[in-house]
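A quick write-up on the structure given underneath.
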Amino acid sequence: SYDDLKKCTNNFSETNEIGSGGYGKVYKGILPDGKMVAIKRAQQGSMQGGLEFKTEIELLSRVHHKNVVGLVGFCFEQGEQMLVYEFMPNGTLRESLSGRSEIHLDWKRRLRVALGSARGLAYLHELANPPIIHRDVKSSNILLDENLTAKVADFGLSKLVSDSEKGHVSTQVKGTLGYLDPEYYMTQQLTEKSDVYSFGVVMLELITSRQPIEKGKYIVREVRRLMNKRDEEHYGLKEVMDPVVRTTPNLNLVGFVELAMQCVEESGAERPTMSEVVKALETILQNDG
Ligand code: ADP
């Protein structure tokens, strides 16, 4: 109930605040049974928040997967809108990559994060019934649990797609700049392949630790340019590689970076499906992990 949630977050005190988004704030809380939770609290009167919250509840109550962040409950009481999630003590992938958290992700861990989040997305695309397109895949929507298992989060923009709806023109293109599938942007036709594009961008972040757009430069374009230097070691990617990755003993980047570049192909039809990405990453991890 509202009163319980109020109690377990110290009356939504600032010290319990862990983040904020367009809709409002996220608080850390401890439920009476000792379970740690993250509580997303919509700003009062944010109508958009209301709609996105409903979407999120509807979707999350259908999905159960190791690599998708779990909804513990929700509360619509006294004009409040709150979603209660399992708490992810190691924050977002973006925070670790930008050095804002204590988590140190070596190359092996980065490969596991890639595989975990790919499995979460493949599940949404292929096993959830009906399928779900996430629509906002990015490193700040990938959370890390206590074992550094990656979980896909933030379903506010997601969409259930029945077969009849698939590929239909939507009226509004949504997503995050730098991750947004250019084909979806041009045609406004939403398919699972838009998530594949965004996931490819996340893979490039795992190599470089850079944001998709930094100092006006698009990481996708930079890597594409560097990959023309085929005969150089690691395709001449050394200049954009995170030192943690660059100094990995026996680093074999070829399979990973080629997979990432297939994911960010201009044409969705050329991109692999998420379950093909999962298979490819499993092979890479077997050989190099
Ligand atoms: P936005 O809508 O802006 O993407 P999110 O709902 O993803 O915001 O969450 C905002 C911030 O709250 C995140 O960046 C993250 O730091 C934190 N957060 C969200 N969910 C959790 C969770 N389950 N466990 C721990 N921290 C979380």
Side-chain angles (χ1 to χ4, degrees), residues 5 8-10 12-31 34-44 46-61 63-75 80-103 105 113 116-117 120-121 124 132-159 172 174-180 195 198-199 201-202 205 211-213:
L5 293 180
C8 83
T9 57
N10 259 328
F12 301 106
S13 76
E14 263 174 49
T15 49
N16 284 44
E17 218 179 290
I18 45 176
S20 62
Y23 55 84
K25 288 178 175 167
V26 181
Y27 297 86
K28 177 177 161 176
I30 303 174
L31 296 182
K35 192 180 171 65
M36 297 266 281
V37 290
I39 301 166
K40 217 181 200 182
R41 185 192 196 195
Q43 226 142 25
Q44 298 272 351
S46 101
M47 279 310 286
Q48 182 64 12
L51 193 70
E52 288 184 8
F53 266 52
K54 270 187 131 172
T55 315
E56 197 149 345
I57 293 174
E58 227 168 273
L59 295 177
L60 280 175
S61 50
V63 302
H64 301 282
H65 189 269
K66 184 172 178 273
N67 300 110
V68 177
V69 72
L71 189 70
V72 178
F74 56 86
C75 166
E80 294 272 358
Q81 298 172 325
M82 288 185 267
L83 299 180
V84 185
Y85 302 90
E86 47 180 344
F87 183 71
M88 298 289 128
N90 286 315
T92 69
L93 174 60
R94 183 68 256 159
E95 286 160 350
S96 333
L97 293 179
S98 57
R100 271 181 285 135
S101 80
E102 273 127 58
I103 301 307
L105 293 176
V113 165
S117 31
L121 289 171
L124 296 178
I132 296 167
I133 300 178
H134 187 288
R135 292 218 286 182
D136 203 14
V137 175
K138 53 178 171 179
S139 55
S140 53
N141 281 338
I142 295 173
L143 299 174
L144 303 174
D145 79 357
E146 59 280 7
N147 306 311
L148 299 180
T149 298
K151 304 204 185 209
V152 180
D154 205 353
F155 286 69
L157 293 184
S158 303
K159 216 169 149 38
Q172 220 184 341
K174 286 180 182 168
T176 303
L177 207 65
Y179 295 93
L180 195 62
D195 284 350
S198 312
F199 184 76
V201 177
V202 173
E205 283 181 87
Q211 307 239 41
I213 310 173

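Just so you know, ligand 1 is whichever comes first in the structure, and atom 1 is the first atom listed for that ligand.
The closest approach between a heavy atom of K28 and any atom of ligand 1 is not below 4.0 Å.
Of all the heavy atoms of E95, the ones lying under 4.0 Å from any atom of ligand 1 belong exclusively to the side chain. Residue K40 touches ligand 1 through its side chain alone, judged by heavy-atom distances below 4.0 Å. When heavy-atom distances to ligand 1 are checked against a 4.0 Å cut-off, D136 has no atom that comes that close, whether in backbone or side chain.
Shown here are the ring pair (Phe, Tyr, Trp, His ring centres under 6.0 Å) partners of Y27, two or more places apart in sequence or in another chain: F12. Listed by chain and residue number, nothing satisfies the salt bridge (charged side-chain N to carboxylate O under 4.0 Å, His left out) test with D145 (two or more places apart in sequence, or in another chain).
Across all their heavy atoms, L143 and A153 have their closest contact at CD1-CB, 3.6 Å. What you find for V72 and E86 is that their closest heavy atoms are CG2-N, 3.5 Å.
In this structure, L177 CG and I213 CD1 are separated by 4.0 Å, a value rounded to the nearest 0.5 Å. Atoms CD1 and CZ, from I18 and F87 in turn, are 4.5 Å apart once rounded to the nearest 0.5 Å. Going from atom CZ of F199 over to atom CD of E205 covers 11.0 Å, rounded to the nearest 0.5 Å.
At a 3.5 angstrom cut-off on N or O pairs, T92 does not count as close to ligand 1. Backbone and side-chain nitrogen or oxygen atoms of A38 are examined, and none is located within less than 3.5 angstrom of a nitrogen or oxygen of ligand 1. When only interatomic distances are considered, the shortest N/O to N/O separation between K138 and ligand 1 does not fall below 3.5 Å.
Each of the atoms 23 (N) of ligand 1 lies under 4.0 Å from some heavy atom of Y85. Close approach of ligand 1 to M88 is summarised as follows: ligand atoms under 4.0 Å from at least one heavy atom of the residue are 22 (C), 23 (N), 24 (N), 25 (C). Residue F87 has at least one heavy-atom neighbour below 4.0 Å for each of these atoms of ligand 1: 24 (N), 25 (C). Interface atoms of ligand 1 facing L143, defined by a heavy-atom separation under 4.0 Å, are 20 (N), 21 (C), 22 (C), 23 (N). Close approach of ligand 1 to N141 is summarised as follows: ligand atoms under 4.0 Å from at least one heavy atom of the residue are 4 (O), 7 (O).
Not one N or O on the side chain of N67 forms a donor-acceptor pair closer than 3.5 Å with the backbone of S117.
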